[in-house]
Amino acid sequence: MRLIERIFLLEIFKGLALTLKKFLFAKPVTIQYPEKEKVKPAPGFRGRHALVRDPESGNPLCIACMRCVKVCPSKCIYIEYEVEPSLKKRKIIRYDIEAIRCVYCGYCEEICPVNAVVLTEVFEYLGFKREELYFTKEKLLQNWDEFIIQQKRPYLNPFWRPRGYPEKMLPVKKRTFTGV
Ligand code: SF4
Ligand code: SF4
């Protein structure tokens, strides 16, 4: 049998037949990105950073608790705040993320008690200079506006309320949040 296979090069013809079959009939696994098709990222995809804007006041939801700064493994979040004397509340005056150093771990959005920071599902962004990937508070809010305007439904990031995690274990603001 092996001699016949050698004489008639059966394995080679089998291989060629398979190649021809795939070439003629198989559906391509690649897509014509970005000219014709775009892949929708999975919910919770960790892309461009944003600060969630309170739809009522227009201000960031951030309460300057500094948890994201402490948990960030890259140390690329910089926050400065002041205390409003009348309300005795913290108010951020600076919130910067140096995206070029971020490792997209999602710890900041997971730990935030008020769902104020998010890695949006926006993946098409780039910068040719370092400053273009250094997001200031204003830029982060703009990132949120650009992202949320494209959403056709209320947005809920899985990292804000991880699936299967008992709701009573979450901070109060995470239990009630249903999206913007
Ligand atoms: S995703 Fe991770 S590395 Fe990036 S800013 Fe958040 S905590 Fe830091
Ligand atoms: S964890 Fe949330 S509320 Fe606290 S400083 Fe970071 S973004 Fe603001």
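For ligands, and for the atoms within them, numbers begin at 1 and follow the listed sequence.
- Within the listing of ligand 2, atoms 5 (S), 8 (Fe) sit less than 4.0 angstrom from a heavy atom of Ala64.
- In summary, Arg130 and Glu98 engage in a salt bridge, as defined by a charged side-chain N under 4.0 Å from a carboxylate O.
- Closest approach of Cys102 and His49 over heavy atoms only: SG-NE2, 3.2 Å.
- Under a 4.0 Å heavy-atom criterion, Val114 is in contact with ligand 2.
- By the 6.0 Å contact criterion, CZ on Phe147 is enclosed, its count of non-hydrogen atoms from other residues, nucleotides or ligands being greater than 12.
- No more than 12 heavy atoms of other residues, nucleotides or ligands lie within 6.0 Å of CZ in Phe128, so this atom counts as exposed by the packing criterion.
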_Pair Asn157-Glu109, side-chain contact (heavy atoms from CB on, under 4.5 Å): steps then yes or no_ = CA-CA 9 Å; Asn157 188 300; Glu109 58 185 349; 3.2 Å; yes
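- Residue contact annotation: Cys62 places no N/O/S atom under 2.8 Å from atom 4 (Fe) of ligand 2.
- Among all non-hydrogen protein atoms, the one lying nearest atom 2 (Fe) of ligand 2 is Cys112 SG, 2.3 Å.
- Using modelled atom types, one side-chain atom of Trp160 and one backbone atom of Val117 make a donor-acceptor pair closer than 3.5 Å.
- Side-chain contact check for Ile63 versus Tyr81: every heavy-atom pair is 4.5 Å or farther apart.
- Protein nitrogen, oxygen and sulfur atoms, that is N, O or S, within less than 2.8 Å of atom 4 (Fe) of ligand 1 amount to 1.
- Nearest to atom 3 (S) of ligand 2 among the protein's heavy atoms is Ile63 N, 3.4 Å.
- Distance alone, capped at 3.5 Å, is enough to place a donor-acceptor pair between the Lys75 side chain and the Lys70 backbone.
- Nearest protein heavy-atom contact of atom 6 (Fe) of ligand 2 is Cys68 SG, 2.3 Å.
- The Met66 neighbourhood of ligand 2 comprises atoms 4 (Fe), 5 (S), with distances under 4.0 Å to a heavy atom of that residue.
- For Arg90 (side chain) and Ala64 (main-chain N/O), a donor-acceptor pair under 3.5 Å exists by modelled atom type.
- Counting only heavy atoms of the protein, atom 4 (Fe) of ligand 2 lies nearest to Cys65 SG, 2.2 Å.
- Side chains of Gln150 and Glu146: no donor on one and acceptor on the other come within 3.5 Å.
- Every atom of ligand 2 is numbered from 1 in the order shown, and the set under 4.0 Å from a heavy atom of Ile79 is 5 (S).
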